[in-house]
**Student:** 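Starting off with a structure, shown below.
Not measured: the values here are computed from a predicted model. Proteins come first, then strands; the chains are lettered A, B, ... in the order of their sequence lines, and each starts at number 1.
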Amino acid sequence: MSAQPSDTNRQIVVNDLVKKYHARSVLNHLFITMDKGALCILVGDNGVGKTTLLRILAGLVRPDSGEIAIGNSSSSREPQHRRMIGYLGHHSMLYQDLNAIENLTHYARLYQLTQAEKIVSESIQSVDLKNSQYQMVRTYSRGMQQRLSVARSLLHDPEVLLLDEPYTGLDKQGAQFLDMRLQSLHRQGKTIFLAAHRPHRLLSFASHVAWLKDGAIAEYSPVQDIPGHPDLAAYLQESA
Amino acid sequence: MSAQPSDTNRQIVVNDLVKKYHARSVLNHLFITMDKGALCILVGDNGVGKTTLLRILAGLVRPDSGEIAIGNSSSSREPQHRRMIGYLGHHSMLYQDLNAIENLTHYARLYQLTQAEKIVSESIQSVDLKNSQYQMVRTYSRGMQQRLSVARSLLHDPEVLLLDEPYTGLDKQGAQFLDMRLQSLHRQGKTIFLAAHRPHRLLSFASHVAWLKDGAIAEYSPVQDIPGHPDLAAYLQESA
Amino acid sequence: MNPFRDYLSAVWNILRKDLQVEWRGRQGVPVMLVFSLLVVFLFNFALQLSPDLQAGLAAGLLWVSLAFASTLGLNRSVSLEQENKAMDGMLMAPVDRSAIYFGKVLSNFSFTFLVGLVLLPVFSLFYQQNMFKPMLVLVMVLGLGAYTSLGTLLAALSIQTRTRDVLLPVLLYPLALPILIAAVESSRSILAGQPIADYQSWMTFLLAGNILFTAAGLMFFETILEE
Amino acid sequence: MNPFRDYLSAVWNILRKDLQVEWRGRQGVPVMLVFSLLVVFLFNFALQLSPDLQAGLAAGLLWVSLAFASTLGLNRSVSLEQENKAMDGMLMAPVDRSAIYFGKVLSNFSFTFLVGLVLLPVFSLFYQQNMFKPMLVLVMVLGLGAYTSLGTLLAALSIQTRTRDVLLPVLLYPLALPILIAAVESSRSILAGQPIADYQSWMTFLLAGNILFTAAGLMFFETILEE
Amino acid sequence: MTKKPKLLSLLDILCLILVPGALVLILFFTPIERVMGPVQKVFYFHVSAAWAGMLSFLIAAVAGGVYLSTRKQKWDWLSLSSIEVGLVFGLIAILSGMIWAQPIWNTWWVWDPRLTTTAIMELIYLAYFILRSSLNTPESRARLGAVYAIVSAATVPLTFFSIRLFRTIHPVVIAAGGSGESAFNMTPRMLLAFFVSLFVFTLLLIDLVWHRSRLARLQAVNRGEGV
Ligand code: HEM
Ligand SMILES: Nc1ncnc2c1ncn2[C@@H]1O[C@H](COP(=O)(O)OP(=O)(O)OP(=O)(O)O)[C@@H](O)[C@H]1O
Ligand SMILES: Nc1ncnc2c1ncn2[C@@H]1O[C@H](COP(=O)(O)OP(=O)(O)OP(=O)(O)O)[C@@H](O)[C@H]1O
Ligand SMILES: [Mg+2]
Ligand SMILES: [Mg+2]
């Protein structure tokens, strides 16, 4: 993988980002920089622009102005750039009329994974969908779809993970799996940027918290320094 | 409203309910009875059938066998029966091309509410969407859509509330609003049946917990008696 | 309250919501209109008909293009309810299912009828004969009434399937064929200036179609919608 | 690895996925087939064509019904990617956008071509002439190739809109008109047993259409899909 | 809002003088055609309007291309305005053609390939507006509008080329050696008036497009979308 640090160790760089919808700026001159290996939680009110930010980073939305870079590549047109990213959004990106295996196999092929079959089967096993792997995704419950989406976004072992409320709909065991998986990815040095509304469970192993407010990052702090940011601490406190 | 208790005080009765999909029983001889004024949390693993149960109660899915009754009516064909129920599901049931006011006004008219305009405006105010009330729902963020869905399900002041993971996507302030609203409805004697995966925040004011497992209610206990049900306590504990 | 007034107001609420959505830019009517004109032009082209023959075809083409265009409208009306499962919300409201059916039929009918009304002067121009005759408008009301009441029923049926987005025309066209034939035949007679007696039976047939399909809709709509 | 092989395998992966979905019961091909036959019957009925005339119309009707049916297929192919935003997943994969375009064109082409192949013997039967001629099959390949490469481009365009489910035919039919004309004209000549020289220019025209629309697809597909 | 440019004011004045001037030229300077009589004078504006319409569709495509490479809103405004003005000129061509057709062919309209394709061209660009109005953001309207403007501008000449191969009753004067049934030979005076009106219509086109795109910018600024 091409995720070698260039001169610096920066993995995600967002520079003066602006995104408008109908003249209303959702993201308004936003800056953020994340080092390789960071696990940063993105918090903020409903409709503040978390999803918009993550989708811009994933290359799915074009900003009005500003630059972004992932690793040392700033163009989402390059396949190598896209290979580095794993994105989990509000939609499952799964084909309703295919089963779990077929869905993941399709993605494995698109990412040109070798040993696709083994990887897919392990991936399904890991999110505990073995029993329903031959069922069409259309008949999955919400949590089952979310599990499969998680598996899909992790399938190609991306260097940078962009997760938009990944815990949505997961039951106890699913959430625990995701906790553990995130911790292990964090230890492996992957960079993780994760939007969540109730980040309590994540604070114990996350490295940073970013607070999106009024179109910009109002606070960006390592987790251990949160007490030094009273506003952020208060925001996180009650939302736990 | 016709929600006068008949001989008993029972508001939700589910009797020997069976629901199969392709010969696989999702709900397998399920029984549950809920008194008027109960606030019962429904917990259970992904894909166990919580949504299916709530949709059957809402009259949206027809069971294979068994009976259900809401209040003293057992037929969802009667308009009076349907008027008693407020349901919030995984889908928002909103029209993408209408704005918040138009959506709620449509529902207010269907439920023949008098003073629709006032109710709608208050309802939008209560979920803090005043600023985006003229925006098409299509452009709402996930949390904003969820807020509007909550408002929609509460609009006609139903006697029985069936809420399927209502906290999904809500930010801190939205979740607090829902907490308070549920508590006040609970005090007013409404019956609330609520599926949730992380019911921690609810345990302080809920009255009951039901644990759906293997197609039936494995445990059904008042909240204060949970310690007496070690399995249920363990299940709830870790999932907090 | 008066139950009959309640019923009517429920129907009107559903119709009104569809009108509102259309007004808010769903573009259903313009799309149908452009499409129906396209069908007319394309057919004249693809079939390379000789000019004298074409005049006799005006009635047929009018109905074919209306039938095609209104399938678009029906699909639209269905997908509107299907996005976000808004239909579930309506089913749970204390509204008679037949009121939902009538509301949807009325909205589908009004959009299609509007398109038909615009087509009449256009056809008059292109086929050099005044087609704005009261009797033809009446045939249009009857024909489109029957067509949309059948179409709404089948649209409700087809959204339940996996093939939802394409099944409707396959179900609708063959079943609507008698309606279309009757409509074409009466229109043809009217345009040829024949006396009412000549096509009265076709008109009666259309009326019967309206009654039949509306009855079928009332009978089966509930059954179709329950999951 | 060989980049060209990678590219081909990406195209094949996308095509294969569409075949798989179709196989799993999306019913696209059967629906298209039934629909194309319906169009034929409906037209014969509604337009009341006389039998001797109809023979001359065979080529026109063949292409009209294919054009209509393949719009269904295109819509289907698009809505498949739109449900759950599966298209986003494909866009984020390290796959060239042009490979996505080619994959979708190939899948749309193969379904439509299959329908066309079934229609040939059916038409032969109805119009009492052998239509299973190699040249006609070639015209079909060229005509449907150009039609689906334009159609895939426009389908990608129309899914971005609010009018998604009905816009495609309105955009596609008029723009595809030259292709349809060329296809009808060459088919007509072939059925009339004329020598190649008589319709060679039409065939060249079709070939040019393939090249032009594929180039347009390659050029604009990326632009269309970026949000 | 920027001040009205001097050049634009100059153009306004030129048009105000030249349009009536051309009319005077046509009415009093050109001879009356032998066979058709005075109605032939429609010719000058008929052809000029058709030319201006097609030219503006071409401008729209070029502006769309420039928009896609620069992403500057003003090019989108230009593209949009050209299509809108082009639609009006196309309509003038059709209406003046109909006025001409009434005495010559004794009918307002015949299903002639040339006439039909002109009408279809209008529909192609009507669909452009449906496409735009069913998109939500100004950026996507501009981007997809540009793609559509380019693709349609590529197919419009194809359509015109392909129908040249058909038997048509619509006259061809300009084409070398062409002579339709009702073609006529132009005297030098006719030629002069013809070229003058072509020139005047071109000026008028530029003037109108310029005004319209300034209006488009005003609208955008008013909606808060402008730069
Ligand atoms: C509704 C009816 C008509 C329409 C829509 C129409 C349309 C057009 C169009 C689009 C053009 C310019 C493009 C081209 O040359 O290919 C044109 C040119 C012309 N039209 Fe028409 N036309 C109509 C009726 C007529 C009639 C009745 C006459 C005269 C009998 C006529 C005579 C001409 C001539 C002489 C030209 C010059 C162009 C050439 O030589 O190619 N048009 N018409
Ligand atoms: N297509 C669009 N058109 C107009 N406005 C939009 C569009 N998409 C998003 N928005 C607006 O942009 C803002 C940010 O939306 P976004 O989805 O990024 O919020 P979010 O932070 O993810 O919220 P949530 O916590 O609810 O998921 C919202 O106010 C939304 O209304
Ligand atoms: N249409 C269907 N066809 C076949 N199986 C279905 C269908 N709908 C649901 N199921 C199955 O029924 C089971 C219960 O689904 P349900 O959505 O009720 O689960 P749930 O408890 O709500 O799960 P979650 O916590 O993930 O929301 C699942 O195993 C699901 O696969
Ligand atoms: Mg979001
Ligand atoms: Mg569920």
**Student:** Inspect the surroundings of CH2 in Trp109(E) and state if more than 12 heavy atoms from other residues, nucleotides or ligands are less than 6.0 Å away.
**Tutor:**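 Enclosed.
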**Student:** Residues of residues 69-81 of chain D under 4.5 Å from chain E (heavy atom pairs)?
**Tutor:**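 Hits under 4.5 Å: none found.
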**Student:** Rounded to the nearest 0.5 Å, what separates atom CG in Asn136(E) from atom CD in Gln160(D)?
**Tutor:**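 Interatomic distance, Asn136(E) CG to Gln160(D) CD, rounded to 0.5 Å: 11.0 Å.
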**Student:** State, yes or no, whether a side-chain contact exists between Ile150(E) and Phe220(D) at a heavy-atom distance under 4.5 Å.
**Tutor:**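 In contact.
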**Student:** How many angstroms lie between atom CG of Leu154(D) and atom OH of Tyr148(E), to the nearest 0.5 angstrom?
**Tutor:**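 One finds 7.5 Å between CG of Leu154(D) and OH of Tyr148(E).
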**Student:** At a heavy-atom separation under 4.5 Å, does Leu126(E) approach chain D through its side chain, its backbone, both, or neither?
**Tutor:**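 Neither part, no heavy atoms under 4.5 Å.
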**Student:** Which atoms of Leu167(D) are under 4.5 Å from chain E, going by heavy atoms: the side chain, the backbone, both sets, or neither?
**Tutor:**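 Just the side chain, heavy atoms under 4.5 Å.
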**Student:** So with a 6.0 Å cut-off around CG of Leu117(D), is the heavy-atom count from everything else above 12?
**Tutor:**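 Buried by this count: over 12 neighbours within 6.0 Å.
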**Student:** Need one label for Ser133(E): side chain, backbone, both or neither, based on atoms under 4.5 Å from any heavy atom in chain D.
**Tutor:**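 The backbone, not the side chain.
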**Student:** Counting heavy-atom pairs under 4.5 Å with chain D, which one of Thr137(E), Val151(E), Ile120(E), Leu144(E) comes out on top?
**Tutor:**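 Heavy-atom pairs under 4.5 Å are most numerous for Leu144(E).
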**Student:** Name the region of Ser152(E), side chain, backbone, both or neither, that has any atom closer than 4.5 Å to a heavy atom of chain D.
**Tutor:**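 Both parts, backbone and side chain.
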**Student:** Check the surroundings of atom CH2 in Trp75(E): do more than 12 heavy atoms from other residues, nucleotides or ligands lie under 6.0 Å from it?
**Tutor:**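 Count not over threshold, so no.
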**Student:** Kindly say whether Ile224(D) contributes a backbone atom to a donor-acceptor pair with the side chain of Arg143(E) at under 3.5 angstrom?
**Tutor:**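 Here the side-chain-to-backbone pair exists.
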**Student:** I need the residue from Leu157(D), Ile179(D), Val170(D) with the largest number of non-hydrogen atom pairs under 4.5 Å to chain E.
**Tutor:**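 Counting heavy-atom pairs under 4.5 Å, the top option is Leu157(D).
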**Student:** Tell me, side chain or backbone of Leu68(E) under 4.5 Å from chain D's heavy atoms, or both, or neither?
**Tutor:**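 Only the side chain of Leu68(E) comes within 4.5 Å of chain D.
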**Student:** Minimum heavy-atom separation for Thr223(D) and Arg71(E), please, with both atom names.
**Tutor:**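 For Thr223(D) and Arg71(E), the tightest heavy-atom pair comes out as CG2-NH2, 3.7 Å.
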**Student:** Residues of residues 138-153 of chain D under 4.5 Å from chain E (heavy atom pairs)?
**Tutor:**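 Within residues 138-153 of chain D, the residues under 4.5 Å from chain E are Leu150(D), Leu153(D).
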**Student:** Among residues at least two apart in sequence or on other chains, which ones pass salt bridge (Lys or Arg N to Asp or Glu O under 4.0 Å) with Lys72(E)?
**Tutor:**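 Checked Lys72(E) against salt bridge (Lys or Arg N to Asp or Glu O under 4.0 Å); zero matches.
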**Student:** Could you tell me which residues in residues 206-216 of chain D have at least one non-hydrogen atom under 4.5 Å from a non-hydrogen atom of chain E, sorted by residue number?
**Tutor:**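 At a heavy-atom separation under 4.5 Å, chain E is reached by Leu212(D), Phe213(D).
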**Student:** Counting only heavy atoms not in Lys133(D), do more than 12 fall under 6.0 Å of its NZ?
**Tutor:**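 Atom NZ in Lys133(D) is packed in, count exceeds 12.
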**Student:** Heavy-atom pairs under 4.5 Å with chain D - which of Val156(E), Leu123(E), Ile130(E), Ile124(E) has more of them than the others?
**Tutor:**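 Top option by heavy-atom pairs under 4.5 Å: Ile124(E).
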